[in-house]
Each structure stands twice: as structure tokens, then as C-alpha cells.
Protein chains: 2
Amino acid sequence: MSTPTRPILDIAARRPHRADARRNFDAVLAAAREAFAAHGTDASLEDIARRANVGIGTLYRNFPTRQDLLEAVYAGEVQELCLGAQAVAELEPWEAFTTWVDSFARYVPTKLALLQALNKDSEIFRACKSAMLASALPIFERAQQAGALRPDVELDDVLRMISGMIGSTYADDAQRQRVLGIALDGLRAR
Amino acid sequence: MSTPTRPILDIAARRPHRADARRNFDAVLAAAREAFAAHGTDASLEDIARRANVGIGTLYRNFPTRQDLLEAVYAGEVQELCLGAQAVAELEPWEAFTTWVDSFARYVPTKLALLQALNKDSEIFRACKSAMLASALPIFERAQQAGALRPDVELDDVLRMISGMIGSTYADDAQRQRVLGIALDGLRAR
DNA sequence: CTTGAAGTGGAGGATAGCCTCCAGTAGAGT
DNA sequence: ACTCTACTGGAGGCTATCCTCCACTTCAAG
């Protein structure tokens, strides 16, 4: 079992060589992840630096633009999701699919802001997207070939539908779950 | 045929009495509507004033806080939607429902930002929401009673599902339409 | 231990948006 | 035509964030 998912884009390459610098790099990334999740893509960079116990200058050296930081955070999160896709390999086709959709649904809310911010013209964005598609495609196709999933749908449709639906606000988790169920019913072959 | 839908909340009451003042009031509202749609809820108020050919002071007199302006814009748009709900009264139950969903879907994208911004604790928000629910409920119930719409779903579920899905970004309108179709299939009784 | 290159952090200038305030303008009742 | 008052607009003070710059610190190779 050789490295199952390698870094989507060379974030590792950017990581400084010196130990202390590397700690700072990681701290900034972690703080940014939280900040973006909590306050959206315009979270204050100075605030992020502060929470990472790092000077603003350090943040800027590692991530010269806000976009750079966004991309780094995003790539990291996508990678986690891809790993999750491997965990459902042993389930029944339809169950594997719904399970994956579920994990995707849990993943989306935090990343929604990132998605929008990157939509524009980022190269890393495309790389992440295709990595994610590639990891999900087997699950999707298996469900389709087993006749459980309607054949006139594309994976991309599903992703967009789910990510939109989930991003919406709901009264409670029960409602969110019920709505997700409706969507899955719509996806089921008949 | 007496006033079919009266103002949701007394925006009219806030309108100044003097002719020029009223023009300005309306211009600000129109500019704000565009600006919020284009740049989200944090659109610059100074920019809005500029586009309305109005001093920033005028904007502030009419709408002392950003929230006030958001509410006014939102109320106006909801009212339009409610009017649309009356147009489908003569269609078959299921068709009326899908048609209404469609109009709702066209309405949502612009208003999404507003929705989120108001979610918090606005009184006007609740008023708008219930006005919209009230206008959509007959259509919804008719479809359900006709056995076309699954009975284990609430109107609120549909609204949230649709508004989320539609808010998502799509490759093109065809995809948006296809995804909407899937959702409607999920909603159909079987 | 020494040394220099890599890395640090925050002071400070620049910009942008928020909101107040008030001298001036112009509608509408008489 | 006159006046009174509602209404105007934008200058200016305030704050928040962005980002640059460089004197200082610290790691790690020899």
C-alpha cells in the first residue's frame, strides 16, 4: 500500500526547512482554517496571525496573498475528504453512495466560503476538484452500474446539488437530514 | 378586486412626503437592490449612495442602519414573489406546484445574501417569511391533497432545499434545470 | 562555538468604509 | 411670491484592515 493519496498540490514544497519556521507555517494554516470557517473568506489576516501567535510579517512571507492562504487551506481539506472516499469501498453500491454523500454533506458547510472565493480562476481549485471527482467517481459509477442510481445523472450534478442544499440553513439537523433524504430519493433509479 | 397583496410591512409609511425626497428614497432602494445582488450584503453604502445620485447623508437619513436598508430591499422582493404565487392558481395541482417552485428558484439567487444577513433576529424577516409561506401554502397543499406530492414533507423543507440548491453554482442553466428536476422527482409521491 | 543565512514580528503608512454634522437648498402650503 | 421647514450632500473624523519594510533573533551546519 504505497502512499494512497499524495498531496494535491505541493503545499509540502512550500513548507519552510527550518523547524521553527515550519511550526509557524502550520500554526498559520490551522488558524486560517478556523478563521475562514468561522468568519468567511474575509476573515482578518491580522487576526489569523494573532491567533497563530505569529507576527503579521510571518504570515505574509508564507502566504503573500490572501488567495495563497485560501488555496492552502482548501487543498488540505479536500485531501481529507478524498481519504474518506476510500473508507466506503466495501459497502453495498447504494449504501456506499449514500454514505459517501453523507460524508460529503458533512464536509461542505465549512468549505462553502472557500469554494466561492476560489471559483474564479484558481489553478489549484481545478486540481482539487478533479482530485475529489476522481475519488468519488468509482463510488458513483458502481451505484449506477448496480442499477441503484438513476443513469441520467452526472456526478457533477450530485455534487453541486448536495453542496447547495447543505449550505442552506435549516431549523435543525433533523430537517437537514430529511431534506437530504428527499434528494437521495430523487437520485434513486426507479 | 381590492388590493390583492398589501405591503408586508409599512415601507410605504417610511416614504417621505416631499416629491424629491420620495424620488431619492426610491433611488436608494433601487441602487441598494442592485448592489446587494451584485456584491453581497456588505456592499459599500457610499457606493450605493453614489449610484443613486444621492449624498451619503440622504441614505443615512432614510435608512439609519445597514439592516434597515436590507430589510426594505428584502421586503420589496418578497412581495413580488407573493404576487407570482397567485398566477398559478388555475393550473393542475402538480403543475402549479412545479411552476411555482420554478419561479421561486428564479427568485432565490439574488436574495440569498439577504436571507442570510437577516436570519438573525429581524422582525421583518419573520413577517416576510410567513407572508411567503402563506402565499405558497395553498399551492403546496393542493398538490399534496391531489396525491401528487409526497405527504411526509413540509413546505418549509421544500423552500430550504430549493433555495440551497439554486444558490449553488452550476456549469450552465441546463445543469441547474436538471438538478432541479431531480429534486422534484424526489418530492413526487410514488 | 561560531557564524551567517533563514526567519521573525510589529511599527507605520496607505486605503477604504462607516457615520455624524450642519450650512445650504428647494418643495409646498398660504 | 414668500416663507418655513423638510430635506440635501459631502467634508471630515474614526476605525479596521491591508501590506511593506527592516532591525533583530534563532536555527543548524561546519
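A, B, ... follow the sequence lines: proteins, then strands. Residue 1 opens every chain.
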Can you measure [X] atom [atom1] to [N] atom [atom2] for me and round it to whole angstrom units?
X      : N       : atom1 : atom2 : value
R61(B) : dT25(C) : CZ    : C1'   : 12 Å
D47(A) : dG10(C) : CG    : P     : 14 Å
L69(B) : dC18(C) : CG    : P     : 11 Å
D42(B) : dA16(D) : CG    : C1'   : 14 Å
Y60(A) : dC22(D) : OH    : P     : 18 Å
I48(A) : dA16(D) : CD1   : C1'   : 15 Å
N62(A) : dA6(C)  : CG    : C1'   : 12 Å
L45(B) : dC19(C) : CG    : C1'   : 9 Å

Check your understanding: Roughly how far, to the nearest 0.5 Å, is SG of C82(A) from OH of Y107(A)?
Key ->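 It is 8.0 Å, given to the nearest 0.5 Å.
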Check your understanding: Which distance, rounded to the nearest 0.5 Å, do you find between the CD of Q175(B) and the CG of D157(A)?
Key ->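 The CG atom of D157(A) is 4.5 Å from CD of Q175(B), to the nearest 0.5 Å.
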Could you list the donor-acceptor pairs under 3.5 angstrom formed between side-chain atoms of residues 46-54 of chain A and any protein atom two or more places apart in sequence or on another chain?
from: D47(A); atom 1: OD1; to: R50(A); atom 2: NH1; distance (Å): 3.2
from: D47(A); atom 1: OD2; to: R51(A); atom 2: NE; distance (Å): 2.9

Practice item. Please determine, by modelled atom types, if T99(B) and D102(B) share a side-chain donor-acceptor pair under 3.5 angstrom. Key: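 Distance-only check fails for T99(B) and D102(B).
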Practice item. Can you run down the salt bridge (charged side-chain N to carboxylate O under 4.0 Å, His left out) pairs that involve residues 78-89 of chain B, sequence neighbours left out, and say none if there aren't any? Key: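 Checked against salt bridge (charged side-chain N to carboxylate O under 4.0 Å, His left out) - neighbours excluded - the pairs reaching residues 78-89 of chain B are R33(B)-E80(B).
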Exercise for review: Would you indicate what R66(A) reaches in the nucleic acid, counting non-hydrogen atoms under 4.0 angstrom: base, sugar-phosphate, or nothing?
Suggested key: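 Sugar-phosphate only.
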**Study point:** S44(B) side-chain N/O to dC18(C) phosphate OP1/OP2 under 4.0 Å
**Key:**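 Yes, within the criterion.
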Protein and nucleotides 10-13 of chain D: nitrogen or oxygen contacts under 3.5 angstrom:
from: dG10(D); atom 1: N7; to: G57(B); atom 2: N; distance (Å): 3.4
from: dG10(D); atom 1: O6; to: G57(B); atom 2: N; distance (Å): 3.2

Review point. With A37(B), which residues qualify under side-chain contact (heavy atoms from CB on, under 4.5 Å), at least two apart?
Key: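 For A37(B), the residues satisfying side-chain contact (heavy atoms from CB on, under 4.5 Å) (neighbours in sequence not counted) are T110(B).
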Exercise for review: Taking side chain to side chain donor-acceptor pair (under 3.5 Å) as the test, write out the residues that go with E92(A), two or more places apart.
Suggested key: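 Side chain to side chain donor-acceptor pair (under 3.5 Å) check on E92(A) returns nothing, list empty.
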Check your understanding: Stepwise, does the ring-ring contact (aromatic ring centres under 6.0 Å, His included) test hold for F63(B) with F25(B)?
Key -> CA-CA 9 Å; F63(B) 307 98; F25(B) 181 93; 5.1 Å; yes
Practice item. Please work out which of the three classes, parallel, tilted or perpendicular, describes the rings of F104(A) and W100(A), given edges at 30° and 60°. Key: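 The arrangement is parallel - the two ring planes meet at less than 30°.
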Point to revise | Strand-adjacent residues in residues 16-27 of chain B, judged by heavy atoms under 4.0 Å from DNA chain D | key: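 Within this stretch, P16(B), H17(B), R18(B), A21(B), N24(B) sit under 4.0 Å of the strand.
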